[in-house]
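Accompanying notes for the structure given below.
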Amino acid sequence: MNIVKEQSANALNIALVGRLDTVTSPALAAEVSAEALDGITALTLDFSELEYISSAGLRVLLAAQKIMNKQGSMVVKNVNNTIMEVLEITGFVDILTIQ
Amino acid sequence: MTLESVNFSFLLTAENIDLAAEKLMSYLQRLELENKEAIRLRLSVEEILLSWQAKLTEDKEVELSCYKRLGQPVIRLKAEGEGCNPLESQDDEFGVWGESLLARLETRPVYSYNYGVNTVTFRVIHRKRNPFVRLFIAFVVAILIGFLGLSLPNDIRTYIAEGWLAPACDTYLSMLAFSGIPMIFLSVVLGIIGVGDIDVFGKIGRKMVQSYLVVLLAAATLTALIAFPLFRFTIGSQQLQVDYTNIWETALGWIPTGLLDPIINCNAMQLIIAGALIGVALLKLEPQGKHLTNIFTDLNSVLLQVAEWFTRLLPIFLFATLVKSIWLGQMSEIIPAWKSWVVTTGLQAVTFLVMAAIVCWKYRIRLGKLLKKISSTFFIAIGTNSCVASVPDNYAVCAGKLGIDNKVFGFGIPIGTTIFKPSCVIRLIVLSFYVASMYQVKVSLTWFIMAVAVSVILSIAIPAIPGGTLMFFPMLFAQLGLPAQALTAMLATDIFFDAICTAFNQVSVQMALVLQAGTMDLLDKEVLKQ
C-alpha cells in the first residue's frame, strides 16, 4: 500500500493506494498516531484508490477517529462500494464521517 | 460437485493472517454465501486472529479449517497455548468494537479450551427463503386439499385424518417437548450463571437486568388486568376470594421432590426451581462446577440445534393440522382462535407504544420520528422471524439513531434478546385466558396468579429461534390444566403471529435501553432528537 500525504497548516490529507490489511495497517497507524497528528485539527482520508480493508485497518481508523475527536475532525471520502459495504456491516458508518 | 474443504496451518504473523482471510473468503464464495455474511465472517476471523496474536504471540501455530458437517458449513480456528477467549476480550476499545462485530453475525461462534488448545467454531448459516413463504405455501395447499378432500367418502377422510394425520400432529407436539422441557431447565441454569458475570459489568449490568425484569412483570400484570374482562371465564362465586391454603399448596407443588421428576413429569415450575437451585449452586461453587457448566452449555447448544430442526417441520405440522381439522369438521375450534391473536397483537402494540410514549415524553421527541428510527429493526424481525437476524440492525439503530452509548447496548441487546420478551409474556397470558374461557376450564384467583407467573418465567426461558415459543405451549397447557385438544388449534394459528411477536420484542428492547441509558447518563439526546 502506498500512502500519499499532503499537509497544509493544521489540515492533513492522506490518500491510500492499494490494500489496508494486517501487513500494511501498521504503516497507516504510524501516520495517524497521536504524535503524528499533534497539532492537526482536520484529517482527511482519501479512499478513492483503496481496494480492500481488513479488520486491522478498521482498528487503525477507529484509533484515528478517537484521536481526532479530541482535537478536531476526521473525514473519510471517496469510499468505493466494496469498502462502504464493510463500513456498513461493521457499523463504522455511524462512527466515521463519510463524504 | 463437492466443495473442497480448507485446512491451513500457519504461524500468527501479519502475512499469514491476511492469507488465512483470503482462503476463508475463497471458501465462502464457493459456498455461495451472501456477500455481507461472508464479509462479517472474514472480519470476525481476522479479529479473533489479531486477538490471539496479541495474547499468544506470533510463534504459536494456528489452524484454520473450513468444511461441511451433515451439510452444515463449519469454520474452525485452533490455536495452541494458554487459554485465551477472543470472544470475551474487552480490555480496550478494540475489544468492545470486536464484541459488537461478533454479535452482528447470525451465528455466534463458540469457544472452548481443551488440552492446551483454544478452539473457536462458527456454524455458517445459509440464508434460506423467508420462512413465511414455506408456511404460506403449506397453508394454501392445506386449505385446497382440505376442501377438495371433502368430496372423498367420509370413512376415507376419517381414516386418513384420525389414523395418520392426528398421530403425526401428536408426535410433533411430543417432539417440541423433547427439546423444550430440558431447555427450560438449562435456560434458567445458564441464565443465572450468566447473570453472575454481571458483577464484571458492575452497576450497569445489574441495573439493566433489574429494569428488564420489572418491566416484564409490569407488562404481565397489566395484560392480565386488561385481558380479563375480554373473555368469559367459568368462575365459581367463591373462586375470586383469596384462598391462601390453595396458593400455599400450589407453591409447595413447585418444589421438585426428585432430581429427574421435573423432566419426567414435564412440570415447568419444578424445572425452573430446580434450574435456579443448581444455577445458584454452580455460581457459588465456581470454579469447582466449571466442568458441569461446560456440559450444560454444550447440551444447550445441542438442544438448540435439535429445536431448530424441529421448527423447520412447522409447515408440515400446519398442513397436517389444517387438513385434519377440515376433514374432521374441527375448523370451528381453529377459526375462533384468531380472536385471541387479535387481542394479543393489540396488547403487544399497546405495550410497546406505552414504552415509546414514555421515551417521547421524557426526551421531547415526536412519536412518528421515533417510530421511523426503529422501523428497520421491526421489519427485519418480521421478515425473518428471527431476533438474531435483527440484532445487527438493532446495534446500528441504538448507536446511530437512538444515541445509546455502547456501554449500554453492547451488553443490553444480547441480554435483552435473551430475557426481555414482553410480547411473549402477553402472548402466553392471552393464550391461556382464551383457552380457559373457550373450553370452560374452571379458574380461580390462584389460577390467574399462576398464569401470570408461569408466563413470565417461561418467556425468559424461550430460546431465540423462529418458533421458539411454540415449544413451550405444551408446558404452559400442562401447568395451567388447559385441555390438550386446544393445543393443536392454538399452534396452527400461532405460527403466523410468531414474527409479529418477535418484532415487538426487539423494538421493546430498544425502548427499554433508551430509558436505561437516560437514567445512567449514557444517552446522547442530540442524536435521539435528530
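Letters A, B, ... are given to chains in the order of the sequence lines, protein chains preceding strands, and every chain is numbered from 1.
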Point to revise | No-hydrogen, no-angle side-chain donor-acceptor test under 3.5 Å, A/Glu85 and A/Asn81 | key: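 A/Asn81 and A/Glu85 do not have a side-chain donor-acceptor pair below 3.5 Å.
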
Review point. Applying a criterion of heavy atom separation less than 4.5 Å, what residues of residues 6-17 of chain B form contacts with chain A?
Key: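 Counting heavy atoms that sit under 4.5 Å from chain A, the residues of residues 6-17 of chain B involved are B/Ala14, B/Glu15, B/Ile17.
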
Does the side chain of [X] reach to within under 4.5 Å of the side chain of [Y], using non-hydrogen atoms?
X        : Y        : result
A/Leu28  : A/Pro26  : no
A/Val32  : A/Met74  : no
B/Gln510 : B/Asn394 : yes

Practice item. Evaluate the side chain to side chain donor-acceptor pair (under 3.5 Å) criterion for residues B/Ser65 and B/Glu63: first the C-alpha distance (whole Å), next the side-chain angles of each, then the deciding distance (0.1 Å), finally the verdict. Key: CA-CA 6 Å; B/Ser65 306; B/Glu63 186 184 290; 3.2 Å; yes

Point to revise | Which of A/Asp21, A/Val93, A/Val86 touches chain B most, by non-hydrogen pairs under 4.5 Å | key: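 Highest number of heavy-atom pairs under 4.5 Å: A/Asp21.
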
Check your understanding: Excluding sequence neighbours, so at least two apart, what forms ring pair (Phe, Tyr, Trp, His ring centres under 6.0 Å) with B/Tyr27?
Key ->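 So B/Tyr27 forms no ring pair (Phe, Tyr, Trp, His ring centres under 6.0 Å) with any residue.
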
